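By convention in this document, chain letters (A, B, ...) are assigned in the order of the sequence lines, proteins followed by strands, and residues within each chain are numbered from 1. Keep in mind it's a predicted model, so treat the numbers as computed, not measured. As a basis for the values below, the full set of heavy atoms in this structure was taken, side chains included, without hydrogen atoms, waters or symmetry mates.
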Amino acid sequence: MVGVAALSLIGMLALSGCNNSGTSAPPSGSPGNSSGPANPPPGGKRIAIISPAKTSEFHNELPKGAADEAKKLGWPDIIDKAPQKEDDYAGQVSQAQDVIQQRPDAISVCGINPQALDQIIKKANDAKIPIWVHNQITPVKGDVVAYVGYDEREGGKLCGEKAAELIKAKNGDYRGEVAILDGEPGAHTDERAGGFKDALKKYPNIHIDAEQNGKWDRAMGNTTTKDWLQKYDKLDLVFGCSDAMAQGASKAGADAKHPLLTIGIDGNKTSLEDVRDGKLTATLAVQPRVIGATIVDSMNDYFNKKDQLKVIKTKMAIVTKDNVGAFLPK
Amino acid sequence: MRDLWRNAGAYIALLVVTLVFAVLTPEFRQPSNLLNVLDQSVRIGVVAVGMTAIIITGGIDLSVGSIAALAPFLAALYMSKHGGPGSNMLVLALIGLLLTVGTGALCGAFTGLTITKAYLPPFIATLGMMSIVRGLAYILSKGTGINEGIPAAYTITGQSLISIRTGTSTSSLTWAVVLMAVVFVAGHLILTRTRVGRAIYAIGGNEQAARLSGLNVDRIKLGVYMVGGMLAALAGLVETASVGVAAPQAGSDLELDAIAAVVIGGTSLFGGRGNLAGTFAGVLLMRLIRNGLNLVNVDSNWQRVAIGAIIMAAVGFDEIQKRRTIAK
């Protein structure tokens, strides 16, 4: 019995190993092993993007933006790595070590947590590989070339401002009730929900009825909102720290035939479609592909010894039915 | 009757939790909230029925949450590609339903075969499947869900059956509740009134003895995992209908919630004992705690603490009772 368990565990490890190299291998189009780091094309820089996991649209899209920009510059295929789960912090560190073994010209990382980020930066510094940090603009220890990302607190504020505006349009005054679906506890939630609440401080008659951890999960956003509607009869708006939760909330409002305004953060494909169809009221489009491209541009500036900012904030925009056309993928 | 007493822990916990919240918050005891609670129990409930049978055989299934994501996603992928003007939406929805249930059955069959033919312990086989199936869902979807081109008939479980309008919002009992009721009643009848049901208990009680007495243990186990997979797929459909998107992230923590509900309901993880009445109490309890804490606006991380505590209290109560009975 124990033998079987051990064998199957080994089998699983082998499987998960395959899975990793399968999902993170450079896109096909580079036949054989010619894209190895040993022989980059003259002038081309081989770069690596390390994500927390490929389980969200955001972290699938961001490396694509980087890959496209690298291609434009005539660089070889990027190294695109991520552990399996967004909580696999040890996995991310060991993948970063593998990436460092490949000796890329530059690395950009979005740390699963501050500890993972700290270790990865240290390892890259030791290996003398220049490192960028993305999707985070709060500086950390170690030698980081630049931080590239959107300002999450500012993004939360934009959502808060939009919320106030939508409530005024609905109730004729800055007077109403909102609820907040947080993500799992951590910096992302603190910044996004914090920014949202900061913006609402200006409006004393907009009351926050409830705030709950929706675990970044659509179903959780849906059930929590349904529960809220049992209690808060006058709930005007639900803000989700991610689109998925806001989508869950909007479906809950629709099913309850309760006029509910909903705002999310991400600007994913399905949420943009929901904005177009009038299901989701608004989303903050943070444009992961733009972030990816910006990382590569910053790396290019570094290689060309151009001066640049230490913190590069990428653009974001509130998307409503009025301007969604410009953001929908063609 | 003895069996009922075995679940006393779950029933007492259910009563206590209900009373506490009913006192704490008036919204909790409204009929509309009852509809809300029942309606939102379906996802865990449907999975928990299959899980009960699996655990009674002495097994476990950790892959149900992943199946709940992959099965409706594959169906939505097909439906969104093949739908369009002029296509018969009802036929498309039926194909989608078959694809959903079929994917679940296939995953369950694969799990069952690795357990019966390759002798993998159920924990390992389904841990592997949990990873494989979730991985496939992410690979196929690239993290993006599908919300377009899904025919309304496919998401019929989200259609309202009974609704109560209170103030500005409507609470509904959807067709999903009918699905849950059918699954529970059918499951209960199969477990208690048929040879297959008795065989399921026999296998969990003593697999060797069941084999020697001529039962086709492998076939029954295979069937149990297939049904478990199909029910997981249906739970995924219910989630898709209630959130409006077929997403690779669906069914998150579903396996743990379902196992918790089954265990709270008095089913023994060692197999051979358990029933669906207890499981239903467990499912309701899980949902009532979340609902109640949402209504009194307590951080959902406390919900995790509360559910953990109730698992330990309910099962502990049952175990102590059992020991007392044996001592007598």
Does any part of the side chain of B:Q303, heavy atoms only, come nearer than 4.5 Å to the side chain of A:Q212, both counted from C-beta?
yes
Take a 6.0 Å sphere around OH of A:Y150 and say whether it holds more than 12 heavy atoms from other residues, nucleotides or ligands.
yes
With a 4.5 angstrom heavy-atom cut-off, is it the side chain or the backbone of B:T168 that approaches chain A, or both, or neither?
both
Between the main-chain N or O of B:V243 and the side-chain N or O of A:N222, is there a donor-acceptor pair closer than 3.5 Å?
no
Electrostatic pair B:E148-A:R276, nearest N-O below 4.0 angstrom
yes
Do the side chains of A:E273 and B:N147 get nearer than 4.5 Å, heavy atoms only?
yes
Considering all heavy atoms of both residues, which atom of A:T224 and which atom of B:N294 are nearest to each other, and what is their separation?
CA-ND2, 3.7 Å
Atom group of B:R134 that falls short of 4.5 Å from chain A, counting heavy atoms
neither
Measure distances from B:V37 to the heavy atoms of chain A and classify the residue's part below 4.5 Å as side chain, backbone, both or neither.
neither
Atom group of B:V296 that falls short of 4.5 Å from chain A, counting heavy atoms
backbone
What is the distance from atom NZ of B:K142 to atom CG of A:N60, rounded to the nearest 0.5 Å?
8.0 Å
side-chain contact (heavy atoms from CB on, under 4.5 Å) assessment of B:V245 paired with A:Q247:
CA-CA 9 Å; B:V245 184; A:Q247 282 176 305; 4.1 Å; yes
Quick one: does any side-chain atom of B:N297 pair with a main-chain N or O of A:D209 as donor and acceptor, under 3.5 Å?
yes
Does this structure show an ion pair linking A:E184 with B:R304, if we count only N-O contacts that are shorter than 4.0 Å?
yes
If we define contacts as heavy-atom pairs under 4.5 Å, which of A:R218, A:H59, A:M220 has the most with chain B?
A:R218
Leading residue by heavy atom contact count with chain A [cutoff under 4.5 Å; candidates B:S252, B:G158, B:G292]:
B:S252
Note: vs chain B, highest number of non-hydrogen pairs under 4.5 angstrom among A:K269, A:E61, A:K215 is A:K215
Hey, are the side chains of B:T144 and A:T270 touching, using non-hydrogen atoms and a 4.5 Å cut-off?
yes
Going by residue number, which parts of residues 225-234 of chain A are within reach of chain B, meaning a heavy-atom gap below 4.5 Å?
A:K226, A:D227, A:W228, A:L229, A:Q230, A:K231, A:Y232, A:D233
Count the heavy atoms belonging to other residues, nucleotides or ligands that lie under 6.0 Å from CZ of B:F123, then report whether that count exceeds 12.
no
Any side-chain donor paired with an acceptor under 3.5 Å for B:D299 and A:N213?
no
Considering only heavy atoms, which portion of B:A246 lies under 4.5 Å from any heavy atom of chain A: side chain, backbone, both, or neither?
neither
Roughly how far apart are B:S242 OG and A:D255 CG, rounded to 0.5 Å?
8.0 Å
State, without any angle test, whether B:Q249 and A:D217 hold a side-chain donor-acceptor pair at a distance under 3.5 Å.
no
